[in-house]
Amino acid sequence: MFHLGGGETGGRFTLFTLLTPPGGGPPPHYHSHEEEWFLPLEGQVEFFLNGAWRPVSVGSVVYLPRGAVHAFRNVGQSPLKMLGQVAPAGFETFFSRCAEEFARPGAPDMPRILEISAEHGIFFVNA
């Protein structure tokens, strides 16, 4: 759920709440355009940063600088809820474009998802 996007922040940042099911989370990746921070609100989460996974408690803040390889995963048995911010704004457009691909009938076209990601400066890596 997006709370603020580029239109409301003059392009400075996007603010959103993220819900992730147990076992879910993105693979390791980096952003060439944005920096991020996350505030876990509910659930159990581990973040991958600086080459290692580490648990992060509810109420802690994780800062992810531009270019840093990172990921997170829900290691609990209930949904993970986090507040996130990406700066500058534009991440909402990336999510919207990916949502369109995932809404198509059948399995998502992962090469297309990777293409959209690259167009937004998001690159997945083997870590």
Side-chain angles (χ1 to χ4, degrees):
M1 163 196 271
F2 290 98
H3 304 293
L4 296 170
E8 294 85 16
T9 67
R12 289 192 275 306
F13 66 91
T14 299
L15 181 68
F16 57 96
T17 298
L18 182 65
L19 294 174
T20 305
H29 63 283
Y30 67 92
H31 302 253
S32 62
H33 305 320
E34 302 97 6
E35 57 188 358
E36 298 176 281
W37 65 256
F38 289 95
L39 171 68
L41 301 171
E42 299 173 10
Q44 295 179 298
V45 63
E46 289 182 342
F47 273 84
F48 180 80
L49 185 61
N50 298 323
W53 286 97
R54 65 179 176 96
V56 175
S57 59
V58 167
S60 298
V61 176
V62 176
Y63 171 68
L64 305 165
R66 181 177 305 163
V69 174
H70 65 280
F72 67 85
R73 59 186 175 198
N74 180 347
V75 295
Q77 299 301 312
S78 60
L80 168 65
K81 183 177 181 180
M82 294 193 292
L83 184 64
Q85 179 180 314
V86 178
F91 211 56
E92 62 274 27
T93 304
F94 164 72
F95 270 115
S96 175
R97 292 182 68 200
C98 286
E100 289 175 13
E101 292 300 318
F102 277 93
R104 296 183 192 281
D109 181 352
M110 291 314 292
R112 179 67 183 133
I113 296 295
L114 293 175
E115 183 179 289
I116 292 168
S117 299
E119 290 169 5
H120 287 269
I122 301 168
F123 301 95
F124 295 91
V125 299
N126 293 326

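Side-chain contact, Ser96 with Thr93: no donor N or O sits under 3.5 Å from an acceptor N or O.
For residues 18-30, the pairs satisfying side chain to side chain donor-acceptor pair (under 3.5 Å) are His29-His31, His29-His70, with sequence neighbours left out. Listed by first and then second residue, the salt bridge (Lys or Arg N to Asp or Glu O under 4.0 Å) pairs that reach into residues 58-68 come to none, sequence neighbours excluded. Annotation: salt bridge (Lys or Arg N to Asp or Glu O under 4.0 Å) contacts involving residues 27-47, sequence neighbours excluded, comprise Glu46-Arg73.
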Could you give me the CA-CA distance, side-chain angles and deciding distance for Thr17 and His3, then say whether side chain to side chain donor-acceptor pair (under 3.5 Å) is met? CA-CA 8 Å; Thr17 298; His3 304 293; 2.5 Å; yes
What verdict does the side-chain contact (heavy atoms from CB on, under 4.5 Å) test give for Ile122 and Phe91, after you've listed the backbone C-alpha separation in whole Å, the side-chain angles of each residue and the deciding distance to 0.1 Å? CA-CA 10 Å; Ile122 301 168; Phe91 211 56; 3.5 Å; yes
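Taking the six-membered ring for Trp and the full ring otherwise, the centers of Phe72 and Phe48 sit at least 6.0 Å from each other. Taking the ring centroids of Phe47 and Phe38, they lie under the 6.0 Å cut-off.
Shown here for Ser57 and Pro40, the closest heavy-atom pair between the two residues is O-CG, 4.0 Å. Counting all heavy atoms, side chain and backbone alike, Gly43 lies closest to Val58 at O-CG2, 3.5 Å. Taking all atoms of both residues into account, the shortest heavy-atom contact from Gly5 to Thr14 is CA-OG1, 4.3 Å. Shortest non-hydrogen contact noted between Ala71 and Pro26 is CB-O, 3.4 Å. The minimum heavy-atom distance between Gly76 and Gln44, with the atom names listed, is CA-OE1, 3.2 Å. For the pair Val45 and Leu80, the tightest heavy-atom approach, listed with the atom from each and the gap, is CG2-CD2, 3.6 Å.
The distance from the CD atom of Gln85 to the CG atom of Leu39 is 11.0 Å, given to the nearest 0.5 Å. For the atom pair NZ of Lys81 and CG of Asn74, the computed distance is 14.0 Å after rounding to the nearest 0.5 Å.
Val69 and Val62 fall into different hydrophobic clusters, where Ile, Leu, Val, Met, Phe, Trp and Tyr are joined by side-chain heavy atoms under 4.5 Å apart, directly or via other members. At a threshold of 4.5 Å between side-chain heavy atoms, the hydrophobic network of Ile, Leu, Val, Met, Phe, Trp and Tyr places Leu18 and Val86 in one connected group. Following chains of ILVMFWY side-chain contacts shorter than 4.5 Å, one cannot reach Phe123 starting from Phe95, and the two form parts of different hydrophobic clusters. At a threshold of 4.5 Å between side-chain heavy atoms, the hydrophobic network of Ile, Leu, Val, Met, Phe, Trp and Tyr places Phe124 and Leu49 in one connected group. Linking ILVMFWY residues whenever their side-chain heavy atoms come closer than 4.5 Å, directly or via other members, places Leu64 and Phe94 in the same cluster.
Using a 4.5 Å cut-off on side-chain heavy atoms (C-beta onward), Leu83 and Trp37 make contact. Contact annotation: the side chain of Ile116 approaches that of Glu101 to within less than 4.5 Å [non-hydrogen atoms, C-beta and beyond]. Inter-residue side-chain proximity for Leu15 and Phe2 is flagged as unmet; no heavy-atom pair is nearer than 4.5 Å.
Using a distance-only test at 3.5 Å, with no hydrogens or angles considered, a donor-acceptor pair links the side chain of Ser32 to the main chain of Gly121.
With a 6.0 Å radius and a threshold of 12 heavy atoms from other residues, nucleotides or ligands, Met110 has its CE atom above the threshold.
Under the side chain to side chain donor-acceptor pair (under 3.5 Å) criterion, Ser78 pairs with no residue at all, not counting sequence neighbours. Residues that satisfy the salt bridge (Lys or Arg N to Asp or Glu O under 4.0 Å) test with Arg12, not counting sequence neighbours, are absent from this structure. Scored by the side chain to side chain donor-acceptor pair (under 3.5 Å) test, Glu100 finds no partners at all (sequence neighbours excluded).
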